[in-house]
Novice: 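Quick one: structure below, then a few questions.
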Protein chains: 2
Amino acid sequence: MSAKITIHDVARESGVSIKTVSRVLNREPNVKADTRDRVQAAVAALKYRPNISARSLAGSKAYLIGVFFDNPSPGYVTDVQLGAIARCRQEGFHLIVEPVDSTADIEEQVAPMLATLRMDGVILTPPLSDHPAVLAALEREGVPYVRIAPGGDLDRAPWVSMDDRLAAYEMTRHLIGLGHKDIAFIIGHPDHGAAMQRRQGYFDAMRDADLPVRDDRVEQGWFSFRSGFEAAEKLLGGADRPTAIFASNDDMALGVMAVANRLRLDVPGQLSIAGFDDTPGAKITWPQLTTVRQPIHAMAGAAADMLMHGVDQEEGAPPPSQVLDFELVVRESTGTA
Amino acid sequence: MSAKITIHDVARESGVSIKTVSRVLNREPNVKADTRDRVQAAVAALKYRPNISARSLAGSKAYLIGVFFDNPSPGYVTDVQLGAIARCRQEGFHLIVEPVDSTADIEEQVAPMLATLRMDGVILTPPLSDHPAVLAALEREGVPYVRIAPGGDLDRAPWVSMDDRLAAYEMTRHLIGLGHKDIAFIIGHPDHGAAMQRRQGYFDAMRDADLPVRDDRVEQGWFSFRSGFEAAEKLLGGADRPTAIFASNDDMALGVMAVANRLRLDVPGQLSIAGFDDTPGAKITWPQLTTVRQPIHAMAGAAADMLMHGVDQEEGAPPPSQVLDFELVVRESTGTA
DNA sequence: CGCAGCATAGACAGCGCTGTCAAGATGGAT
DNA sequence: ATCCATCTTGACAGCGCTGTCTATGCTGCG
């Protein structure tokens with residue numbers, strides 16, 4: 001184990017005080033270029049790395065960003081982490097991941113970790129983005145947070161999201177463009193803000209194309225494979241079938257795909273299927289799923305950015321938020337009617 | 001924001017010195033029961049939480065465990081995290097997640113974070129468990145680590161794993177027990193230690209049952225959906241088909257399933273399919289996949305345990321390691337021959 | 001009754017850094 | 001040459017804890 005080398009070693013090596021080394025490290029102004037170079041050379045020579053505990057104890061930054069999640073799909077979680085970390089690394093921040101069970105006592109889970117860690121900020125993923133107790137705990141402890149894809153309460157704190165309504169609108173238009181007129185829709189979990197927006201996008205697109213939407217062509221799902229499976233059984237059970245089904249997430253679309261397989265329906269020959277999210281599962285199927293790619297990586301990165309650079313919200317001004325672009329991913333599960 | 005309350009507040013409240021509070025917090029001996037109770041009452045009353053930065057700066061523990069990963073399946077990563085965190089929470093530890101790109105410069109990625117964070121230990125997941133540069137960097141910095149499912153070099157450091165050979169052996173026996181005699185096998189990524197063990201388990205079971213293994217019934221795969229798909233096309237292409245295919249991970253098994261669907265083969269009526277891992281994808285398909293459940297959660301928990309309680313390896317003694325139990329999960333994709 | 005020996009508690013010095021404040025250096029305007 | 005404003009640097013005091021060392025109280029034993 002290499003002996004720990006501290007700021008004092010660097011100061012000695014470069015012939016300045018530790019305070020000056022600190023200044024160089026933190027890119028503070030008012031350091032002569034010449035001095036800065038000497039210090040940086042010493043840092044490089046000694047391979048010096050500031051100790052994060054000392055930094056956060058003495059200063060106001062902890063160099064720690066938290067990610068709270070509650071068991072959405074693993075692919076989503078991992079994507080968020082990767083997106084956030086990519087940005088954090090550049091600034092010397094690290095990521096603390098904390099699963100939060102939204103059905104258990106929030107206070108008990110969140111407050112202790114907030115107090116012990118004193119993180120600089122927390123990234124909230126759905127469904128935590130809309131969990132009142134979580135937001136309240138964060139606010140009480142004075143820890144800044146950014147929500148990813150919140151469903152409501154948009155003026156309360158900064159957030160990052162995509163336009164779910166528009167994405168669903170465009171997916172529906174894609175289907176209509178393929179010649180489909182009888183398009184069924186499977187709604188997502190009603191507690192999930194995005195689910196309602198996607199539903200709206202579907203209705204808007206159908207209306208704009210003057211296509212009627214029969215009541216029995218819209219089924220309620222819960223974002224799970226099983227709920228998609230069951231909805232598809234109703235939709236495809238009789239002889240009167242839609243020519244396309246748009247499930248508002250991939251898991252449900254996969255459920256539809258499974259029913260189609262059982263029924264020996266050719267996809268996309270006899271039935272087009274569209275999903276939403278572009279989870280890994282979308283490619284782990286045959287035919288591969290036409291879906292919407294969420295900019296998860298970018299959203300998490302943007303959230304980390306806001307947190308690291310301080311989200312100083314001016315009094316009265318709306319919180320600084322961002323809407324990022326999605327992408328329609330057309331694969332093999334959709335075809336002409 | 002609640003004003004930060006410190007050990008001094010607790011000391012004042014309970015009428016003892018801060019050192020005594022520290023003793024109670026750290027469960028040190030030689031504190032009268034009466035005193036301990038008073039302190040604990042004050043801690044509870046004030047909702048005091050020790051500051052982790054101060055603790056790690058002053059003491060030798062950082063209360064931080066790292067998890068290094070390099071993009072195995074998201075489900076695997078998330079499972080490891082959840083398993084490790086569950087254990088860490090009980091002891092007041094937190095988890096730092098760090099993706100490590102094994103194809104890039106390891107030194108550059110790992111050394112800085114080890115120096116700045118001074119974590120108490122690191123959990124390595126495959127394929128990092130067998131990455132020489134990662135192990136070397138950890139050892140040079142003197143950071144203890146526990147490997148999950150390492151492929152070799154078992155005497156070098158502690159590890160946690162399961163018996164992949166035995167699991168594959170039992171899955172093969174499950175198939176044989178169902179009456180199958182012509183069982184094909186798809187090998188996993190050759191760099192992955194576990195892949196070879198699974199292959200061995202298959203061969204051992206076939207040999208022990210006096211069943212011949214034809215060369216053209218064993219295909220090389222890479223643990224990916226596509227490689228499973230391609231292997232299945234070869235295996236199922238002609239009229240002379242095996243009655244069962246054992247793919248040595250779920251992604252490949254799903255590839256086989258996709259081919260079976262295209263070929264309109266009834267699963268499990270005309271073809272039984274078995275996977276390995278029990279990823280979420282195993283249930284996101286129809287019929288659901290018979291597979292092997294890895295004790296990922298438990299392995300990660302055990303690894304965290306070792307790290308938190310110090311893995312003091314005696315000179316010359318083998319590193320303390322564990323082999324945990326797997327579970328055969330029989331679902332609908334396998335049936336009688 | 002005196003004292004070793006242990007259990008219990010506190011004083012105090014840092015851990016490695018940043019924030020504050022003050023001192024010295026520099027330069028331009030007068 | 002003088003003075004002030006500005007730039008550059010350093011001394012020093014903590015941040016909130018733990019480790020070490022010392023002081024006290026108490027026990028039991030000769």
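Per chain, numbering begins at 1; letters A, B, ... match sequence-line order. It should be emphasised that the depicted structure is a prediction, and the values quoted were computed from it without experimental measurement.
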Novice: Of the non-hydrogen atoms in B:Pro50 and A:Thr116, which two are nearest, and what is the gap between them?
Specialist: O-CG2, 3.2 Å

Novice: Could you tell me how far apart A:Leu117 (CG) and D:dG16 (P) are, to the nearest whole angstrom?
Specialist: 16 Å

Novice: Find the distance B:Arg38:CZ to C:dT8:C1' and express it as a whole number of Å.
Specialist: 12 Å

Novice: So, applying side chain to side chain contact (heavy atoms under 4.5 Å, CB included) with B:Tyr145, which one of B:Leu135, B:Leu307, B:Ile123 is it?
Specialist: B:Leu135

Novice: Counting only N and O atoms by type, is there a donor-acceptor contact under 3.5 Å from the side chain of B:Asp79 to the main-chain atoms of B:Ile296?
Specialist: no

Novice: Show me the donor-acceptor pairs within less than 3.5 Å that the side chains of residues 28-46 of chain B make with the rest of the protein, sequence neighbours left out.
Specialist:
from: B:Arg38; atom 1: NE; to: B:Ser14; atom 2: O; distance (Å): 3.2
from: B:Arg38; atom 1: NH2; to: B:Ser14; atom 2: O; distance (Å): 3.3

Novice: Ignoring hydrogens and geometry, is there a side-chain-to-backbone donor-acceptor pair from A:Thr125 to A:Phe68 under 3.5 Å?
Specialist: yes

Novice: Would a distance-only check, ignoring hydrogens and angles, find a side-chain to backbone donor-acceptor pair under 3.5 Å from A:His131 to A:Ala133?
Specialist: yes

Novice: Looking only at atom types and distance, does a side-chain atom of A:Asp9 sit under 3.5 Å from a main-chain N or O of A:Thr6, one as donor and one as acceptor?
Specialist: yes

Novice: Could you pull out the closest heavy-atom pair between A:Arg147 and A:Asp153, with the gap in Å?
Specialist: NH2-O, 2.8 Å

Novice: So does B:Thr6 get a side-chain nitrogen or oxygen closer than 4.0 Å to the phosphate oxygens (OP1/OP2) of D:dG16?
Specialist: no

Novice: Is the shortest distance from a Lys or Arg side-chain nitrogen in A:Glu139 or A:Arg156 to a carboxylate oxygen in the other one below 4.0 Å?
Specialist: yes

Novice: Which angle, to the nearest 10 degrees, lies between the helix axes at the two ends of the helix from C:dC1-D:dG30 to C:dT30-D:dA1, each defined by five pairs?
Specialist: 50°

Novice: Decide yes or no for A:Ile65 and A:Ile96: does some side-chain heavy atom of the first lie under 4.5 Å from some side-chain heavy atom of the second?
Specialist: no

Novice: Tell me: CG of B:Leu57 to P of D:dG16, nearest whole Å?
Specialist: 12 Å

Novice: Examine D:dG10: is either OP1 or OP2 under 4.0 Å from a nitrogen or oxygen in the side chain of A:Thr20? Give yes or no.
Specialist: yes

Novice: Mind calculating the distance between CZ (A:Arg12) and P (D:dG10) to the nearest angstrom?
Specialist: 15 Å

Novice: Could you write nucleotides 18-23 of chain C as a row of B, S and -, 5' to 3', where a protein heavy atom under 4.0 Å of any base atom gives B, of only sugar-phosphate atoms gives S, and otherwise -?
Specialist: BBB---

Novice: Grab the CZ-C1' distance between B:Arg49 and D:dC17 for me, whole Å please.
Specialist: 17 Å

Novice: Between the protein and nucleotides 22-28 of chain D, are there any N/O to N/O pairs under 3.5 Å, and if so, what are the atom names and distances?
Specialist:
none

Novice: Answer yes if the side chains of A:Ser53 and B:Ser56 hold a donor-acceptor pair under 3.5 Å, and no otherwise.
Specialist: yes

Novice: Can you see which heavy atom on B:Ser321 is nearest to which on B:Pro158, and at what distance?
Specialist: OG-CA, 3.6 Å

Novice: Ignoring hydrogens and angles, tell me if any N or O in the side chain of B:Asp130 forms a donor-acceptor pair with the backbone of B:Pro150 under 3.5 Å.
Specialist: no

Novice: Atom NE2 of B:His8 to atom C1' of D:dC17: distance rounded to whole Å?
Specialist: 9 Å

Novice: Just grab all the side chain to side chain donor-acceptor pair (under 3.5 Å) pairs involving residues 86-107 of chain B, residues at least two apart or on different chains.
Specialist: A:Arg89-B:Glu98, A:His94-B:Glu98, A:Glu98-B:Arg89, A:Glu98-B:His94, B:Asp70-B:Ser102, B:Arg87-B:Asp305, B:Glu91-B:His309, B:Asp101-B:Thr103, B:Glu107-B:Arg140

Novice: Look for any protein N or O under 3.5 Å of an N or O in nucleotides 4-8 of chain D and output each such pair with its distance, or none.
Specialist:
none

Novice: Atom CD1 of B:Ile5 and atom P of D:dC15: how far apart are they, to the nearest Å?
Specialist: 15 Å

Novice: Round to the nearest Å and state the distance from B:Asn51 atom CG to D:dC15 atom P.
Specialist: 12 Å

